[in-house]
Amino acid sequence: MDHKIRWGRALAALIAFLSFGNGAAAAGDPKRGSHAFQACLACHSVNPGEHLTGPSLAGIWNRKAGTVEEFQRYSEALKHTNVVWNEATLDRWLANPERFVAGTSMTFPGVRERKERQDVIAYLRAVSEGKAPSAEPRRGGMMMQSGKVDLKKAPIAGQIVSIGYCGDAYTVKTADGKTNKVWEFNLRFKTDSSKDGPLPGRPVIVGAGMQGDRASVVFASPAEIGSFIKQTCR
């Protein structure tokens with residue numbers, strides 16, 4: 001009988017130890033998560049109302065998936081799921097979005113390490129509760145900060161005066177008096193209607209591409225694109 005009691009106590013102690021260990025592993029660290037989350041900043045902001053490729057993740061905790069106001073690019077799969085974001089659902093989502101919600105448009109392979117997922121989740125919860133730690137921006141990568149800049153304050157070297165088109169080349173003149181010729185395949189035309197977008201009728205050119213041979217021209221609205229570009233062949 002005494003042997004059974006000792007064995008029962010030992011088993012209870014082992015279960016308690018394992019439970020404590022699992023709980024400790026599951027408790028993420030918001031500070032570490034803030035650093036890990038920087039890999040997500042190219043597509044997601046944590047500022048309310050600031051939507052990038054994906055929606056702002058401010059206030060995500062206990063929010064139903066696919067319901068951020070003013071974000072128009074949800075997949076049909078996410079809009080019609082009944083998922084509510086919490087520790088359990090975010091862990092499954094971060095591990096493999098496509099497996100968790102089949103048909104999602106989020107092209108992300110997932111975070112393999114559970115500890116890293118838990119850290120990111122802890123950070124997102126802290127963001128929702130207004131307790132997010134600050135973190136130094138990660139350096140050395142392209143577009144690692146949510147780093148949307150205010151295009152209304154672009155330097156004169158980025159302010160476009162005119163765009164001409166002939167054959168397979170665009171001729172871009174900027175307010176600093178310079179003229180650049182760009183192969184048509186290397187020039188992209190974009191719009192930014194947010195508060196950080198360019199002023200109407202004053203598009204801005206920004207560099208793109210690892211070799212510096214590509215660029216994007218950002219307009220305030222789609223209607224400006226066709227009217228701004230002029231045929232220059234004679």
Side-chain angles (χ1 to χ4, degrees), residues 37-60 63 66-76 78-79 105-108 127 132 137-138 141-234:
F37 186 78
Q38 290 183 47
C40 310
L41 287 176
C43 296
H44 290 284
S45 169
V46 292
N47 297 322
E50 184 179 54
H51 308 308
L52 307 178
T53 301
S56 166
L57 299 183
I60 190 175
R63 180 194 294 265
T67 60
V68 174
E69 294 181 4
E70 299 181 356
F71 184 75
Q72 305 295 322
R73 295 181 292 282
Y74 284 117
S75 64
E76 291 300 311
L78 201 61
K79 285 195 297 185
S105 58
M106 182 169 170
T107 55
F108 176 65
V127 168
R138 179 183 296 176
M142 295 180 62
M143 296 296 290
M144 290 311 299
Q145 302 179 51
S146 105
K148 274 192 77 180
V149 296
D150 188 348
L151 296 181
K152 294 179 178 64
K153 299 178 181 178
I156 59 173
Q159 299 172 19
I160 296 178
V161 175
S162 66
I163 301 177
Y165 178 69
C166 183
D168 65 351
Y170 287 101
T171 300
V172 182
K173 295 182 179 180
T174 47
D176 60 351
K178 294 183 178 180
T179 299
N180 296 285
K181 292 187 179 293
V182 187
W183 179 36
E184 62 179 354
F185 199 74
N186 282 351
L187 193 64
R188 298 179 179 179
F189 297 103
K190 301 181 177 182
T191 59
D192 187 349
S193 60
S194 75
K195 62 181 179 60
D196 295 320
L199 292 169
R202 297 177 62 180
V204 172
I205 188 167
V206 294
M210 294 293 291
Q211 317 238 342
D213 60 343
R214 301 178 185 178
S216 296
V217 176
V218 186
F219 293 85
S221 70
E224 294 183 9
I225 298 176
S227 60
F228 199 92
I229 301 170
K230 306 297 182 183
Q231 179 81 20
T232 55
C233 296
R234 290 185 174 83

Where do Asp176 and Thr174 land on the side chain to side chain donor-acceptor pair (under 3.5 Å) test, with the steps shown first? CA-CA 5 Å; Asp176 60 351; Thr174 47; 2.5 Å; yes

With a sphere of 6.0 Å drawn around CZ of Arg63, does it hold more than 12 non-hydrogen atoms of other residues, nucleotides or ligands? yes

Please determine whether the number of non-hydrogen atoms from other residues, nucleotides or ligands lying under 6.0 Å from atom NZ of Lys178 exceeds 12. no

From CD (Glu184) to SG (Cys166), nearest 0.5 Å: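 The SG atom of Cys166 is 11.0 Å from CD of Glu184, to the nearest 0.5 Å.
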
Quick one: CD1 on Ile163 to CD1 on Ile205, what's the gap to the nearest 0.5 Å?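 Between Ile163 CD1 and Ile205 CD1, I get 7.0 Å after rounding to 0.5 Å.
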
Under 6.0 Å between ring centres, would you say that holds for Phe228 and Phe189?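 So the answer is no for these two rings.
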
What is the minimum heavy-atom distance between [X] and [Y], and which atoms define it?
{"X": "Tyr165", "Y": "Ile229", "answer": "CB-CG2, 3.9 Å"}
{"X": "Leu52", "Y": "Cys43", "answer": "CB-O, 3.4 Å"}
{"X": "Glu50", "Y": "Ser56", "answer": "O-CB, 3.4 Å"}

Assess whether side chain to side chain contact (heavy atoms under 4.5 Å, CB included) is satisfied between Val68 and His51, documenting all intermediate values. CA-CA 10 Å; Val68 174; His51 308 308; 3.4 Å; yes

Under a 3.5 Å distance rule, please check whether Lys173 uses its side chain to pair with a backbone N or O of Gly164 as donor and acceptor. no

Checking the side chain of Gln159 only, and the main-chain atoms of Ala154 only, is there a donor and an acceptor separated by less than 3.5 Å? yes

Is any side-chain heavy atom of Leu57 closer than 4.5 Å to a side-chain heavy atom of Val127?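 Leu57 vs Val127: side chains apart.
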
Stepwise side chain to side chain contact (heavy atoms under 4.5 Å, CB included) test for Thr191 and Ile225: CA-CA 9 Å; Thr191 59; Ile225 298 176; 4.2 Å; yes

